[in-house]
K.L.:
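Sending over a structure as structure tokens; questions will come in a sec.
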Amino acid sequence: MHNKGMLLGELRFCAKYPFSQQARQLLRKLDVSSVADDLLAQSAKRVEASLRRADFAAKLNEIVSSQETFLLNETFSFPLSKMIISLSKDGFMLKQFARAEAERAKYFLKFEPDETIRELSSQFFKLSAEGSEHVVPLTDFLRLMPKDSKLATQSLSKGNVSVTRDALESMISEAVFQSITSTRVDENSVPKIFTFWANELKKFRKTAEPDLPLGDFDMHAAPPCMRRILSDLQSSEKVGHMPRFALATFCANTHIPIDTAIDFFRKQPNWNEQKTRYHLEHAYGLKSSRVKYSCPNCVKMESLGLCFRDETCKWPNPAMYYKRMMARKLAAKPAAK
Amino acid sequence: MDTRNWLKERLGGHYSRNGVSPPPDFKKREFGFGNEKKIDSRHYSFAEEKELRKYFVENAPLYASYSVAYYEFPDARPMPKKSFLGADLVFEFDTECSHSSLACFRCMSDTKQQTFRLIDDFLKADFGFSQKQIQVAFSGNRGFHVHVRDESIRQVNQEARREIIDYLQGKGIPLDSITDFMKGATPDSGGWRGKLARALNTRLDDADLFKASPSLALALKKRPQEIREALSRGSYDVVRGADNVWKRLVSDLVPRMGNDIDQSVTFDLSRLIRMPSTIHGTTGLLCCYVNDLEKFEPFKHAVALSSAPFRVKMLRDEASITMKDQSFGPFESGADYELPEFAAVFLVAKGAATPL
């Protein structure tokens with residue numbers, strides 16, 4: 001594949017921001033039916049790298065100092081990576097990749113002039129200027145809201161939010177994340193070799209993060225919110241639907257055996273084993289649609305008034321808290337002889 | 001006759017005489033109906049308006065709801081198979097009161113004020129929605145629903161809707177460093193900073209407000225002109241110790257979300273909400289759109305059942321009620337009364353009387 005008519009500076013831009021309109025223009029030249037093996041291997045490596053801690057500074061240096069072939073491959077490997085992950089049907093990996101690419105873009109944007117930030121912003125959302133202020137529509141702001149920011153601290157008027165340059169960088173980053181996670185690829189539209197790389201990635205993921213052997217429930221590894229619900233369930237007071245639902249989905253997502261989970265509800269005044277089992281089997285995805293319900297994340301738990309955060313809460317989801325705490329405990333345990 | 005069947009007969013008569021008006025884009029909505037509970041069964045959809053009308057005449061449900069969401073396949077199950085297309089933004093205000101077992105006008109009027117505040121101070125001023133995009137509906141029982149229908153809001157996800165609720169509650173305002181947060185804010189500023197600055201400017205004579213910050217109250221007394229001018233241009237550092245005044249203003253300005261708004265209605269995208277033009281089985285009043293909220297009186301404007309006479313027997317003592325400008329009662333437990341259908345249904349639906 002050769003680049004015709006693009007200046008090296010423009011190619012560098014595409015390599016840095018392969019999601020941009022400029023890069024998409026270049027990507028029209030990509031023929032998926034004849035992608036070189038090396039490029040596919042590089043694309044798979046890009047995904048693997050996203051599962052580890054990436055060195056964005058080194059990557060930026062590489063892009064800034066490299067020539068045409070490297071820049072083209074760097075640009076082309078982005079959509080190819082998305083296709084390969086999408087074929088692997090591994091939602092976790094897709095999200096990890098999306099987050100890594102979004103973080104990478106955010107890092108690169110820090111070194112760009114305001115004009116580039118404005119240009120890339122306008123490729124993802126409506127951006128206007130009011131004096132020296134950047135203004136975005138409320139709905140775009142809500143859709144791409146920078147993490148750790150709250151609408152209540154923004155300057156908001158008539159459906160427009162005045163935002164800083166930092167906020168724009170975060171919004172572009174979030175837009176990149178969302179566009180990657182919404183990637184869907186039709187298996188039949190790509191050559192068989194893509195499926196081979198998708199399977200390779202699946203194998204890699206298994207070695208990178210093996211499923212944790214969470215056999216028995218360990219109360220001490222549970223987050224404060226779930227400990228609270230469990231303790232409420234042990235009293236004779238009736239516990240509401242939402243806390244029950246939160247606990248059921250928490251159990252479903254932490255490999256807690258269903259019979260153990262059923263026992264948690266036993267002391268409730270309206271206890272009915274058959275009904276409890278029925279609801280839990282749905283939460284575990286064992287019945288009907290066979291879709292496992294996801295555990296409400298900490299933001300949702302908070303809005304439901306079920307969050308009792310303490311200094312140990314370092315993860316965005318109660319299930320993740322439990323898995324990580326269990327992993328730590330298992331790592332600390334001396335191996336059995 | 002069984003009370004529920006008697007009520008259903010009354011509602012059935014109403015529906016056969018008056019029909020129902022389908023909600024906007026009804027073909028993409030899911031419907032749910034109930035007789036024992038608010039929703040006994042859901043996942044219904046109607047391809048034609050006449051099918052919907054026929055359902056009401058034949059089944060006369062005591063409660064009828066429709067989805068805030070639009071779906072490609074509204075009757076598909078489970079939920080993911082419906083193929084979500086978007087959702088209206090809806091707020092539900094409910095009046096909680098312990099003053100009366102039947103109807104409390106004082107609390108209803110309080111809920112109206114909260115609804116006005118939501119619409120004027122937040123939906124219009126901050127979020128930029130126009131009156132055309134906002135519809136207020138009386139639920140038929142204790143509260144109001146505010147529907148925002150606009151293409152731009154349909155795709156706003158659950159998390160963002162939760163953020164909207166947080167915004168209404170002032171969640172995220174850094175109360176610990178509120179004076180810093182307010183630095184430079186003027187009454188013309190946007191968002192919460194502007195709201196607080198405006199509130200402060202209009203309440204400079206409110207002695208009660210300044211009880212929270214005696215130093216600011218004293219400064220205002222000693223140097224009124226200087227302080228007022230400084231405050232109006234956002235120079236809040238002329239006085240120290242204003243933190244408590246700001247905190248008090250935040251709590252005064254937040255609509256009473258905890259008590260009045262059902263937050264889950266706003267962020268739950270699979271929520272079903274009472275369908276306007278239907279009768280609420282707990283009151284016999286009409287769930288209806290309200291054009292003039294200020295003048296709206298549920299016991300006048302939402303009375304839709306007929307005036308045909310019906311006899312009921314009271315199950316408990318009740319104070320008098322006024323419906324359609326007519327006064328009925330007071331009622332004595334065990335006594336029989338002949339009442340117009342709308343009043344008889346109201347008492348029976350409230351569990352205060354039984355039909356004869």
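The basis for the numbers below is simple: all heavy atoms, side chains too, and nothing from hydrogens, waters or symmetry mates. All chains are named by letter (A, B, ...) in the order of the sequence lines, taking the proteins before the strands, and each is independently numbered beginning at 1.
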K.L.:
Among A/Lys95, A/Glu101, A/Met93, find the one that has a side-chain contact (heavy atoms from CB on, under 4.5 Å) with A/Phe97.
P.N.:
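Output: one option passes, namely A/Glu101.
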K.L.:
Is B/Lys124 close to chain A through its backbone or its side chain, or both, or neither, when contacts mean heavy atoms under 4.5 Å?
P.N.:
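Backbone of B/Lys124 only, per the 4.5 Å heavy-atom cut-off to chain A.
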K.L.:
Which residue out of A/Gln154, A/Arg143, A/Lys300, A/Met145 racks up the most heavy-atom pairs below 4.5 Å with chain B?
P.N.:
A/Lys300
K.L.:
Between B/Ile39 and B/Tyr63, is there a side-chain heavy-atom distance shorter than 4.5 Å?
P.N.:
no
K.L.:
So which part of A/Leu151 gets closer than 4.5 Å to some heavy atom of chain B, the side chain, the backbone, both or neither?
P.N.:
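Contact with chain B: backbone and side chain both.
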K.L.:
Where does B/Asp126 contact chain A at under 4.5 Å (heavy atoms): side chain, backbone, both or neither?
P.N.:
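Answer is both: backbone and side chain atoms of B/Asp126 are under 4.5 Å from chain A.
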K.L.:
Examine whether an atom of B/Gln155 lies under 4.5 Å from a heavy atom of chain A, and if so say whether it belongs to the side chain, the backbone or both; otherwise answer neither.
P.N.:
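It is neither, since no heavy atom gets under 4.5 Å.
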K.L.:
Got a donor-acceptor contact below 3.5 angstrom from the B/Ser139 side chain to the B/Gly143 backbone?
P.N.:
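Yes; at least one donor-acceptor contact below 3.5 Å.
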K.L.:
With side chains defined as the heavy atoms from C-beta onward, is the minimum distance between A/Trp315 and A/Cys298 less than 4.5 Å?
P.N.:
no
K.L.:
Mind ranking B/Ala160, B/Gly170, B/Gly194 by heavy-atom pairs under 4.5 Å with chain A and telling me who comes out on top?
P.N.:
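When all of B/Ala160, B/Gly170, B/Gly194 are compared, B/Ala160 has the most.
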K.L.:
So what's closer than 4.5 Å to chain A heavy atoms on B/Phe129: side chain, backbone, both or neither?
P.N.:
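Neither the backbone nor the side chain of B/Phe129 comes within 4.5 Å of chain A.
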K.L.:
Kindly say whether B/Gln263 contributes a backbone atom to a donor-acceptor pair with the side chain of B/Arg162 at under 3.5 angstrom?
P.N.:
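Judged by distance alone, no pair lies under 3.5 Å.
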K.L.:
B/Val148 pairs by side-chain contact (heavy atoms from CB on, under 4.5 Å) with which of B/Ile164, B/Val156, B/Asp88, B/Leu123?
P.N.:
B/Leu123
K.L.:
Report which part of B/Phe181 has an atom under 4.5 Å of a heavy atom belonging to chain A: side chain, backbone, both, or neither.
P.N.:
side chain
K.L.:
I'd like to know which of A/Pro137, A/Ser149, A/Gly159 tops the heavy-atom pair count under 4.5 Å against chain B.
P.N.:
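The candidate making the most pairs under 4.5 Å is A/Gly159.
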K.L.:
Side chains of B/Ser270 and B/Asp268 only: does a donor on one sit below 3.5 Å from an acceptor on the other?
P.N.:
yes
